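The chains referred to below are lettered A, B, ... by the order of the sequence lines, with proteins before strands, and numbering in each begins at 1. If you're wondering where the values come from, they're calculated on a predicted model, not measured in any experiment.
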2 protein chains.
Amino acid sequence: MPTNRRAARGVSMADVARLAGVSAQTVSRVSNGHPSVVESTRRQVLDAMQELGYRPNSAARALKRGEFRTLGIILFTLATTGNSRTVEAIATHAAREGYAITLIPVAVPTQDGVLGAFTRLGELAVDGIIVIMEVHLLDAADLTLPPNVPVVVVDSDAGDRYPVVDTDQADGARQATRHLLDLGHPTVHHVAGPVESFAAGRRLQAWSDTLRSSGRPVPEVQRGDWSAESGYRAGLALAADPGCTAVFAANDQMALGVMRALHEAGRAIPGDVSVVGFDDLPDSPAYLPPLTTVHQDFAEMGRRCVDTLLRQLRREPGRPGTDLVPTRLVLRDSTAPHARA
Amino acid sequence: MPTNRRAARGVSMADVARLAGVSAQTVSRVSNGHPSVVESTRRQVLDAMQELGYRPNSAARALKRGEFRTLGIILFTLATTGNSRTVEAIATHAAREGYAITLIPVAVPTQDGVLGAFTRLGELAVDGIIVIMEVHLLDAADLTLPPNVPVVVVDSDAGDRYPVVDTDQADGARQATRHLLDLGHPTVHHVAGPVESFAAGRRLQAWSDTLRSSGRPVPEVQRGDWSAESGYRAGLALAADPGCTAVFAANDQMALGVMRALHEAGRAIPGDVSVVGFDDLPDSPAYLPPLTTVHQDFAEMGRRCVDTLLRQLRREPGRPGTDLVPTRLVLRDSTAPHARA
DNA sequence: GGATGTGATGTTTACGTTAACATCGTGGTG
DNA sequence: CACCACGATGTTAACGTAAACATCACATCC
């Protein structure tokens with residue numbers, strides 16, 4: 001067992017080369033699996049590396065190669081399920097392609113203006129950037145995306161400025177609304193996400209479009225902030241309206257809150273009121289009752305984000321514009337045919 | 001408006017220096033906010049940077065400075081709330097200290113052995129590593145932490161090998177169990193997390209210790225995997241046991257599942273059965289009924305992780321061993337005094 | 001007015017790696 | 001046997017930045 005007395009910090013190829021009795025270039029070749037190194041030499045070098053605790057300096061490597069093999073993700077928060085699952089999917093797929101992921105959390109602008117150390121995004125050691133938020137919110141946070149760095153955007157309408165990958169929000173909302181109408185409900189109430197969210201806007205728009213094109217009245221919108229708590233507040237308002245028999249919540253968490261409010265008000269789900277969510281959280285089958293909801297394919301999203309970005313990096317021709325990942329409605333127990341009075 | 005005709009890729013200090021009519025060193029000084037640059041020169045340099053679309057090459061910078069200003073986080077998944085919230089807290093606090101975060105997802109070993117590109121963790125461009133999992137699981141995944149890189153571990157008992165930061169699992173579980181006993185329940189049933197999880201083990205241990213030290217019987221443990229679905233299955237088993245009046249679930253999601261199972265079995269919560277969770281998810285106040293649970297302070301965890309790691313990086317004296325973040329019990333509506341028969 | 005200090009800027013060099021080119025020996029070929 | 005091809009290894013230079021040192025102009029002091 002080698003005694004790693006010597007600090008790894010500062011062990012360079014030159015040190016390894018000296019100990020192994022070869023040139024630094026040969027060490028480099030071994031380190032990169034280059035074929036033209038004879039087995040005996042290779043062994044010697046590997047032994048020397050082991051003994052000295054050598055590890056390649058990726059800064060030097062990146063400098064030489066002109067790339068970091070790292071992608072950056074800019075977002076406000078990981079706290080929403082959508083974001084954390086998207087990030088996970090991106091990280092997994094990027095790893096498969098040999099890229100690491102750097103997380104760049106941006107303090108919300110309202111939050112006493114402290115932006116941390118990332119006022120100068122250009123200094124980040126990344127080859128490309130994935131932005132998970134509305135682009136104009138970046139501007140609001142006083143951040144400018146570095147020019148000439150490939151960018152992909154999620155949850156935004158920046159299709160003209162950058163390639164966009166997104167869940168097909170509109171189609172998901174349409175399916176949810178349609179489903180409730182098909183069950184015979186005269187109309188569908190909506191608990192929307194925050195105004196700043198592009199996804200929330202698209203879901204809202206598709207909901208009202210669907211109602212309108214079916215000649216149904218469009219009830220007043222309840223605004224939430226994605227949290228179950230805000231859904232609860234919206235639910236209290238809806239429970240007070242006896243004409244409300246069907247609710248489409250813009251995400252599962254708010255649907256959870258809505259259901260609690262309805263339950264407390266003595267409205268049975270789905271007997272009196274049907275509820276549909278959006279996201280298909282892992283927990284939603286365990287809600288009371290199990291929630292009918294729109295399934296988002298986060299893994300596919302992550303895959304497409306990475307692929308789109310890598311295609312730009314490699315200067316391959318990419319279809320520009322917006323790339324929509326399909327959704328599908330998952331039927332569970334929170335929806336039922338309208339009980340006609 | 002400058003025409004960014006020239007590709008930013010390849011714009012170096014030398015280019016900026018040439019255009020501004022100064023030396024590269026002066027550009028460097030401007031770039032780093034060094035004080036001894038006269039205002040007029042600084043302006044010239046900044047204008048030249050702007051015109052050329054210059055952005056510092058962080059690889060070269062890292063090479064020169066010998067540090068990346070980046071911390072790596074190794075984990076299996078972001079899908080659990082605990083992980084994603086810990087990561088978010090770490091990222092936020094690290095940013096405040098001027099460090100970026102690199103995410104290193106590790107495919108679970110069982111998952112057809114594909115480890116992606118990270119077999120050689122040593123090549124990562126990070127100054128320190130935070131491991132969010134049991135260390136021995138890393139070994140199982142055939143990964144070796146690079147020697148001489150500062151490491152902090154979360155959710156592990158590696159206290160002898162590395163500094164550990166963790167939630168005070170034992171105390172949280174003790175509070176939960178105590179609370180139920182104090183309400184008069186003869187004993188407390190437990191829905192535990194998966195056997196691989198250190199946190200799950202600690203919660204289980206503290207639960208049974210608490211029961212034993214109070215002279216109570218220790219019921220058979222139900223095993224879950226953190227998911228609401230697994231909690232539901234455990235809940236079905238518990239609902240079948242008329243002697244079960246108090247349940248401590250090892251996390252909120254499983255508590256959610258337990259409550260659904262109890263509800264379906266016609267057991268009222270908290271009338272017939274009291275339920276306590278662990279985590280205090282943002283959603284748990286919206287559960288039916290709002291869940292009494294053990295609050296974890298993820299922000300504090302993230303802060304301590306980063307601080308501990310940075311202290312090692314700066315070679316400051318650090319208290320070694322395990323650093324426990326306190327928990328507190330949040331009382332809501334899912335627990336009530338035992339209704340004596 | 002010459003010595004001295006000070007602040008602004010320039011020059012040199014090294015960080016660790018790898019592409020490109022150079023060298024050297026070995027074995028095969030006509 | 002002279003020549004060439006080829007595989008293994010070595011040498012050189014460059015990637016972009018910043019520390020250390022050098023220089024220069026000018027103000028200050030006796």
Open item on the list: Once side chain to side chain donor-acceptor pair (under 3.5 Å) is applied, do any residues pair with A:D297, and if so which ones, sequence neighbours excluded?
Closed with: none

TODO: Starting from C1' on D:dA18, measure out to CD on B:E67 and report it in whole angstrom.
DONE: 13 Å

Task: Expected output: side-chain B:T70 to main-chain B:F68 donor-acceptor under 3.5 Å - done: yes

- [ ] Find the distance B:H34:NE2 to D:dA19:C1' and express it as a whole number of Å.
- [x] 10 Å

TODO: Calculate the interatomic distance between B:L52 atom CG and D:dG16 atom C1'; express it in whole Å.
DONE: 15 Å

- [ ] Assign B:M13 to base, sugar-phosphate, or nothing according to its heavy-atom contacts below 4.0 angstrom with the strands shown.
- [x] sugar-phosphate

Open item on the list: If I take atom CD in residue A:Q44 and atom C1' in nucleotide D:dA8, what distance separates them, rounded to the nearest angstrom?
Closed with: 13 Å

Open item on the list: Could you tell me the boundaries of the chain B footprint on DNA chain C, defined by atoms under 4.0 Å from its heavy atoms?
Closed with: C:dA8 to C:dG16

TODO: Please work out if B:V27 contacts a base, only the sugar-phosphate, or nothing of the nucleic acid, heavy-atom cut-off 4.0 Å.
DONE: nothing

- [ ] Measure from CG on B:N32 to P on D:dA19 and round the result to the nearest Å.
- [x] 7 Å

Open item on the list: Here's a test of your reading of the structure: between B:R29 and A:S28, which maps to the more 5' nucleotide of DNA chain C?
Closed with: B:R29

- [ ] May I have the distance from B:Q25 (atom CD) to D:dT23 (atom C1'), rounded to whole angstrom?
- [x] 14 Å

Task: Closest nucleotide among D:dT9, D:dT17, D:dT11 to the A:V38 side chain - done: D:dT9

Open item on the list: Can you measure B:F68 atom CZ to D:dT17 atom P for me and round it to whole angstrom units?
Closed with: 16 Å

Task: Interatomic distance where CZ belongs to B:R55 and C1' belongs to D:dG16 [whole Å] - done: 13 Å

Task: Carboxylate-amine/guanidinium proximity below 4.0 Å for B:D307 and B:R304 - done: no

Open item on the list: Taking the nucleotide of DNA chain D with the nearest heavy atom to each, does A:A24 or A:P35 sit closer to the 5' end?
Closed with: A:P35

Open item on the list: Could you measure the distance from the CZ atom of A:F298 to the OG1 atom of A:T167? Nearest 0.5 Å is fine.
Closed with: 6.0 Å

TODO: Name the closest nucleotide to the B:R61 side chain, picking from D:dA18, D:dG16, D:dT9.
DONE: D:dA18

Open item on the list: Quick check on side chain to side chain contact (heavy atoms under 4.5 Å, CB included): which of A:V165, A:V153, A:V164 does A:T322 satisfy it with?
Closed with: A:V164

Open item on the list: Please tell me if B:N57 has a side-chain N or O lying less than 4.0 Å from either OP1 or OP2 of D:dC15.
Closed with: no

- [ ] Answer whether the closest heavy-atom distance between the side chains of B:L78 and A:R85 falls below 4.5 Å.
- [x] no

- [ ] Give B:T26 one of three labels, base, sugar-phosphate or nothing, depending on what nucleic acid heavy atoms sit under 4.0 Å from its own.
- [x] sugar-phosphate

TODO: Report yes if at least one side-chain N or O of A:T41 is closer than 4.0 Å to OP1 or OP2 of D:dA8; otherwise report no.
DONE: no

Open item on the list: Looking at B:E97 and B:R314, is there a salt bridge between them, counting it only when a charged N and a carboxylate O are closer than 4.0 Å?
Closed with: yes

- [ ] Please check if any side-chain donor atom of B:S31 sits under 3.5 Å from a side-chain acceptor atom of B:R61, or the reverse.
- [x] yes

Open item on the list: Quick check on DNA chain C: between B:K64 and B:E39, whose nearest nucleotide comes earlier from the 5' end?
Closed with: B:E39

